[in-house]
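What you are looking at is a predicted structure, and each value in this text was computed from that prediction instead of being measured. A note on names: the letters A, B, ... follow the listed sequences, proteins ahead of strands, and every chain is numbered from 1.
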Protein chains: 2
Amino acid sequence: MRDEKGLAIGELSRRTGVNIETIRYFERVGIVATPPRTSGGRRVYGAGHVRALGFIRRARELGFTPAEVRAILSLGGPAQASCSEVREIAAHHLERVRAKMADLAQLESLLATTIDRCEGDGAASCAVIELLDQYTTT
Amino acid sequence: MRDEKGLAIGELSRRTGVNIETIRYFERVGIVATPPRTSGGRRVYGAGHVRALGFIRRARELGFTPAEVRAILSLGGPAQASCSEVREIAAHHLERVRAKMADLAQLESLLATTIDRCEGDGAASCAVIELLDQYTTT
DNA sequence: ATGCTTCCTGTAGCGGCTACAGGAGCAAGC
DNA sequence: GCTTGCTCCTGTAGCCGCTACAGGAAGCAT
C-alpha cells in the first residue's frame with residue numbers, strides 16, 4: 001500500500017493533518033465521498049480524498065462555516081465547482097467577516113474606554129462591573 | 001407571589017430574557033446560586049438572581065466566554081467582585097478581541113483581493129478555488 | 001371539583017467533533 | 001506456521017452550552 005493511488009486512513013490523516021476519527025466522521029455525515037475498501041474492509045483513499053480533506057481544512061481555517069464548506073463540496077469540490085458559485089459563497093463569507101469586524105471594533109472601544117476609566121481613578125464603583133451590570137439589551 | 005422579593009422562574013425568565021430551561025441549567029452546573037423553594041418545591045428568586053442573570057446575559061453579549069463569566073461570578077458576582085480582578089479579566093478579553101480583529105483584518109483582505117481577482121477576468125482558473133485548494137498550513 | 005397555567009424532574013437532542021472499547025486485518029520476524 | 005505488534009474496523013458515549021420534550025404535580029380561579 002505504498003502506491004500513490006491507495007492510502008490507508010492513517011496515512012491520509014498524516015498527510016492532511018485531519019484526525020482519523022474526524023475523517024470517518026466526515027464520511028458518516030456525507031462531507032466526503034465513501035472510499036472503496038480492500039477485501040479486508042479497510043478504506044482506501046486516493047489523491048481526490050487528499051485534496052478534499054486539505055480543502056476542507058483550509059476552508060475552515062479561513063473561517064468558512066461547515067455549511068459553506070458543504071455547499072462548495074456539493075458543487076463538486078475544488079475540482080469541478082463553478083467559479084461563480086464559489087465566489088458567491090466567499091463573498092457572503094466576506095460580508096460576515098466585515099460585519100464581525102465592525103462588531104468587534106465597537107466592542108473593542110467599549111471595553112478599552114471602560115477599562116481605562118476603571119484604571120484611572122480608584123473611585124468607589126468599578127466601571128467594568130457597571131458595564132456588565134446592566135441587563136437591558138443593547 | 002407578586003411580592004418583589006419572590007419571583008417564580010417564569011417571571012424571572014420574562015424579566016431577564018433568559019430561557020427557563022437555561023435558568024435551570026445554570027443552576028445545575030453551578031453558574032447561579034440555588035434558590036430557596038416553596039413548600040411545594042417551586043423555586044423562588046430574588047433581586048440577586050435577577051441581577052446575576054442579567055449580568056450573565058450582558059457579559060455573554062459582550063463576548064466574554066462562559067469561563068470568564070464563571071470566573072467573575074465566583075468572585076461574588078457584580079455585587080462583591082473585586083474591581084481589579086474583574087478588570088484583569090476584561091483586559092484579557094480585550095486582548096483577545098484585538099487579536100481576533102487582527103486575524104479578521106488579514107482574512108478580510110485575503111478574501112477581498114481573491115474575490116476581486118476572480119471577478120476581474122474570466123480566466124480559466126478560479127482564484128477563490130485556488131485559495132481554498134491548498135492544504136499547506138498557513 | 002374542575003380546569004388551566006405554571007412549574008417540577010429526568011432525559012435526549014443539536015453540531016462538530018473526539019475518545020474510547022473490543023475485535024479483526026495484515027505484514028514481518030522467527 | 002505462528003506470534004507479535006501495528007493499524008484499522010464498528011459502535012457507542014462524551015464534550016459544551018444550551019434547548020426541547022414527556023409525564024406529572026402545584027397552585028390559582030371559578
Side-chain angles (χ1 to χ4, degrees), chain A residues 1-3 6-32 34-46 49-50 52-74 93 96, chain B residues 1-3 6-32 34-46 49-50 52-74 93 96:
Chain A
M1 209 180 263
R2 70 204 43 157
D3 193 346
L7 300 175
I9 197 169
E11 186 55 29
L12 179 64
S13 170
R14 249 166 273 129
R15 290 204 193 177
T16 59
V18 178
N19 198 310
I20 290 181
E21 320 266 16
T22 306
I23 294 171
R24 285 194 287 245
Y25 165 76
F26 282 164
E27 181 184 335
R28 235 185 20 251
V29 300
I31 287 178
V32 299
T34 62
R37 304 277 188 130
T38 66
S39 55
R42 299 180 165 213
R43 292 169 179 83
V44 180
Y45 295 96
H49 290 100
V50 177
L53 281 183
F55 173 83
I56 292 167
R57 191 164 165 236
R58 176 86 171 139
R60 300 288 287 119
E61 275 171 18
L62 293 178
F64 284 83
T65 66
E68 287 167 339
V69 174
R70 263 186 154 93
I72 299 176
L73 286 169
S74 79
H93 179 40
R96 275 214 328 278
Chain B
M1 210 179 263
R2 72 205 41 157
D3 192 346
L7 300 175
I9 197 169
E11 186 57 29
L12 179 63
S13 171
R14 249 166 272 130
R15 290 203 193 177
T16 60
V18 178
N19 200 309
I20 289 181
E21 321 266 16
T22 306
I23 295 171
R24 284 194 287 243
Y25 164 75
F26 283 165
E27 182 184 334
R28 234 181 25 247
V29 299
I31 288 178
V32 299
T34 61
R37 304 277 188 131
T38 66
S39 55
R42 299 182 164 210
R43 292 169 179 83
V44 181
Y45 295 96
H49 290 101
V50 176
L53 282 183
F55 173 83
I56 292 166
R57 193 166 163 232
R58 175 85 171 144
R60 299 290 286 120
E61 277 170 18
L62 293 177
F64 285 84
T65 65
E68 288 167 337
V69 174
R70 263 186 155 94
I72 299 177
L73 286 170
S74 78
H93 178 38
R96 276 214 328 276

Respond yes when some side-chain nitrogen or oxygen of B:T38 is under 4.0 Å from OP1 or OP2 of D:dA26, and no when none is.
no
When rounded to whole Å, the CG to C1' distance for the pair A:L7 and D:dT7 reads 14 Å
Could you check which of D:dG17, D:dT10, D:dT19 has an atom nearest any side-chain atom of B:R70?
D:dG17
To the nearest angstrom, the CD-P distance between B:E27 and C:dG10 comes to 12 Å
Does some side-chain heavy atom of B:L73 sit less than 4.5 Å from a side-chain heavy atom of B:F55?
yes
Any chance you could measure B:E27, atom CD, to B:I9, atom CD1, to the nearest 0.5 Å?
7.5 Å
Under 4.0 angstrom between B:R42 side-chain N/O and D:dG27 OP1 or OP2:
no
Hey, what do you get for OG1 (A:T65) to CZ (A:R70), rounding to the nearest 0.5 Å?
10.0 Å
Given atom CZ of B:F26 and atom C1' of D:dT19, what is their separation to the nearest angstrom?
12 Å
Between D:dC6 (C1') and A:I20 (CD1): distance, integer Å:
12 Å
Using OP1 and OP2 only, check whether a side-chain N or O of A:T22 sits under 4.0 Å from C:dC17.
no
May I ask you to evaluate whether B:R28 reaches the phosphate of C:dG10, defined as a side-chain N or O under 4.0 Å from OP1 or OP2?
no
Roughly how far, to the nearest 0.5 Å, is the CG atom of A:L53 from the CD1 atom of A:I23?
5.0 Å
Result for 5'-nearest mapping on DNA chain D, choosing between B:T65 and B:G40, is B:T65
Check whether the side chain of A:E11 and the base of D:dC8 form a donor-acceptor pair under 3.5 Å.
no
Both A:R24 and A:I31 contact DNA chain C. Which one's nearest nucleotide lies toward the 5' end?
A:I31
Atom CZ of A:R60 and atom C1' of C:dT18 are separated, to the nearest Å, by 15 Å
Are A:I31 and A:I56 close enough that some pair of their side-chain heavy atoms sits under 4.5 Å apart?
yes
Which angle, to the nearest 10 degrees, lies between the helix axes at the two ends of the helix from C:dA1-D:dT30 to C:dC30-D:dG1, each defined by five pairs?
30°
OP1 or OP2 of D:dT10 sitting under 4.0 Å from any side-chain N/O of A:R43?
yes
As an exercise, state the distance from CZ of B:R43 to CD1 of B:I20, rounded to the nearest 0.5 Å.
10.5 Å
Does a nitrogen or oxygen in the side chain of B:R57 sit under 4.0 Å from OP1 or OP2 of D:dG17?
no
Just the rounded figure in Å: distance from P of D:dG17 to CG of B:L73.
13 Å
Roughly how far, to the nearest 0.5 Å, is CZ of A:R14 from CD of A:E11?
5.0 Å
In Å, rounded to the nearest 0.5 Å, how long is the span from NE2 of A:H49 to CG of A:L12?
8.0 Å
Note: for A:G41 and A:E21 on DNA chain C, the residue whose nearest nucleotide lies more 5' is A:E21
Nearest-Å distance for atom pair OH/P, residues A:Y25 and C:dT18:
10 Å
Where the side chain of B:N19 is concerned, which of C:dT18, D:dT19, C:dG16 is the nearest nucleotide?
D:dT19
Whole Å only: how far is the CD1 atom of A:I56 from the C1' atom of C:dG16?
13 Å
5′-ward residue of the pair B:S39/B:P66 relative to DNA chain D
B:P66
